[in-house]
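Every value quoted in this text rests on a predicted model; they were computed, and no experiment measured them. The sequence lines fix the lettering, A, B, ..., with proteins before strands; numbering per chain opens at 1.
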Amino acid sequence: MNLHAMQRDFRRWLTAADVPAARRLAGADRAGLEVYQNNYRVQLVGCLETTYPHVRTYIGDAAFHRAAVHHVTRHPPRAWTLDAYGAGFERTLRALWPDNPDVHELAWLEWAQATAFVARDTVPLDPARLAAVDWDRARLDFAPSLHLARLTTNAADVWSALQAGAVGPDPAPAAALLPEPKGVAVWRRGFVTRLRVLDPLAYDALVLARAQRNLAAPCAMLVERLGDDDGVARAGALLADWIGSELLVRVSASRQP
Amino acid sequence: MPAHFPPPVFAGYGLGLRREHYRDFLETRVPVDFVEVISENFMVAGGQPLDILRRVRERHPVALHGVSMSVGSADGLRGDYLKRLKALVDAVDPLYVSDHLSWSRTGRFNAHDLLPLPWTDEALDVVCANIHRAQDTLGRAMLFENPSSYLAFAEALMPEWEFVARMCERTGCGLLLDVNNVYVSAANHGFDPFAYLDGIPAGRVRQIHLAGHSQGNGLLVDTHDQNVPDGVWSLYAHALTRCGSVATMIERDADIPPLADLLAELDVARQLGAAPALKEAA
């Protein structure tokens with residue numbers, strides 16, 4: 001057997017416990033192959049446990065283990081870094097528990113924070129250098145760690161309670177649908193990841209500003225919804241918050257004429 | 001003719017840097033001569049891990065130890081991986097850069113484990129080609145570690161130590177000798193661990209790992225979650241007579257004890273390294 005064929009057989013054994021592949025690799029003595037298969041599965045399940053500690057606490061060890069094994073069986077790792085293996089676990093949870101958006105949204109929050117934690121570093125904006133900015137024409141760049149999503153449940157409250165140590169007799173709040181969806185922003189300020197729930201207007205403005213890379217688009221949206229004076233005032237307040245929270249990390253002259 | 005040659009010998013004693021001990025290393029003067037970090041944990045865009053590594057590097061020489069190069073992969077190495085590793089090497093200026101004599105990737109699948117190679121001429125050609133590419137990309141010689149193994153292939157044409165010797169000869173790479181892994185593989189496959197130590201090119205060894213293992217179902221398993229056992233210390237004493245004093249460290253990956261416990265284990269290595277028998281052999 002050449003090296004390519006051996007490595008393909010090993011993959012079949014690890015991912016699917018393929019018996020003919022095992023026979024070609026090791027004959028009748030499978031003790032060694034069992035060690036490798038156990039290591040493979042334990043490592044991947046352990047990775048999911050490390051990446052999603054609050055989901056695990058929230059749904060319980062047994063349910064989490066079932067979901068993790070389901071994911072490992074269907075999604076062999078492809079990235080060179082094990083840290084990437086947590087990507088897509090939210091979709092597995094969605095497939096297993098389609099009627100539990102609180103679980104999917106909690107998983108989204110944990111994955112967003114895991115990726116924000118090692119996102120590219122940025123330097124806070126210097127307010128003194130912003131005085132001369134033409135905000136109507138400026139190009140805005142937001143933190144590379146920023147993740148935005150719309151939540152339909154109280155998953156952010158659940159996350160906060162679990163982060164504060166809610167377990168056992170002092171459990172996280174019960175799952176609940178929100179009266180209306182809210183936005184959530186996850187990003188990193190310095191070395192600390194942040195999570196903030198946003199009212200729908202603030203969320204829409206941030207989504208627009210990041211997509212259009214300017215202040216004009218969110219400002220127009222706010223004026224349309226709130227009127228001239230209130231809309232402009234709200235845009236100014238949001239801009240100040242984006243700068244102070246280090247959501248906005250770069251302001252430069254627009255390349256457009 | 002190899003384009004690279006093993007880096008100079010660094011005779012010191014170190015520890016693997018683990019998250020549980022970050023605070024110790026950042027806030028106190030830990031009595032080690034170097035630390036080793038897992039390369040992939042720091043091959044990231046930014047954030048606290050890189051800041052911690054930068055601050056630790058200000059205090060100690062750092063060895064980079066990888067687990068994902070997959071130098072035995074018949075599909076070759078990943079260019080994006082090498083590019084990221086090169087960036088880290090350039091940023092850290094490490095004492096050594098090492099990975100394992102194993103494979104983990106085939107096609108788009110990555111097992112994230114140190115899988116065994118058959119000791120064949122074909123595997124040697126693949127390993128050497130991949131090492132050449134890695135060393136040329138990094139612009140320096142690497143060290144490769146002998147992994148523990150739980151499977152021996154019927155196709156093997158030579159013992160592992162002969163494969164290792166030929167790999168060093170053809171590529172100019174150095175060796176990271178994991179004494180525990182020799183112990184584990186010898187027990188699992190029934191070879192003499194002292195013959196292994198006598199068979200490898202001792203002059204290529206630049207770093208030594210000391211660790212513990214567990215008894216599995218009929219096999220020893222390289223769990224790195226135990227103290228270094230007596231049998232591994234005995235092998236280490238023999239390795240010292242062959243290799244001389246090289247960078248030696250305790251490698252603990254699970255059930256991480258307090259730092260003081262690991263430093264006490266490291267002191268045992270120091271005492272063996274200072275033993276009269278070693279001085280006579282040197």
Between [X] and [Y], ring centroids under 6.0 Å:
X: A/Y40; Y: A/F10; result: no
X: A/H75; Y: A/F89; result: no
X: B/H112; Y: A/Y85; result: no
X: B/H65; Y: B/H209; result: yes

Atom group of [X] that falls short of 4.5 Å from chain A, counting heavy atoms:
X: B/R108; value: both
X: B/T120; value: neither
X: B/M43; value: both
X: B/F109; value: both
X: B/L114; value: backbone
X: B/A154; value: neither
X: B/S39; value: neither

Relative to chain B, which segment of [X] carries a heavy atom at a distance below 4.5 Å: side chain, backbone, both, or neither?
X: A/R188; value: side chain
X: A/V35; value: side chain
X: A/L14; value: side chain
X: A/S145; value: neither
X: A/Q7; value: both
X: A/N2; value: both

Among the listed options [options], the residue most often paired with chain A at heavy-atom distances under 4.5 Å:
options: B/D75, B/N188, B/N217, B/V221; value: B/D75
options: B/L117, B/V126, B/D51, B/V67; value: B/D51
options: B/P49, B/S104, B/G107; value: B/P49

For this session: For salt bridge (Lys or Arg N to Asp or Glu O under 4.0 Å), just list the numbers for B/R133 and B/D136, CA-CA rounded to whole Å, side-chain angles, deciding distance to a tenth of an Å, and then say yes or no.
Result: CA-CA 5 Å; B/R133 183 179 173 202; B/D136 288 348; over 6 Å; no
Problem set entry | Electrostatic pair B/D113:A/R41 at N-O distance under 4.0 angstrom | no
For this session: Flag the pair A/E34 and A/R30 as a salt bridge only when some basic side-chain nitrogen lies within less than 4.0 angstrom of an acidic carboxylate oxygen.
Result: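 No.
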Exercise. Is A/D121 reaching over with its side chain to a backbone N or O of B/G47, donor-acceptor style, under 3.5 angstrom?
Worked result: yes
For this session: Examine distances only and state if a side-chain atom of A/W187 and a backbone atom of A/F142 form a donor-acceptor pair shorter than 3.5 Å.
Result: no
Problem set entry | Nearest heavy atoms of A/H71 and A/L48, plus distance in Å | CD2-CD1, 4.0 Å
Exercise. Quick one: of A/A119, A/C47, A/A116, A/P76, who has the most non-hydrogen atom pairs under 4.5 Å with chain B?
Worked result: A/A119
Exercise. Between A/E90 and A/H104, is any side-chain donor less than 3.5 angstrom from a side-chain acceptor?
Worked result: no
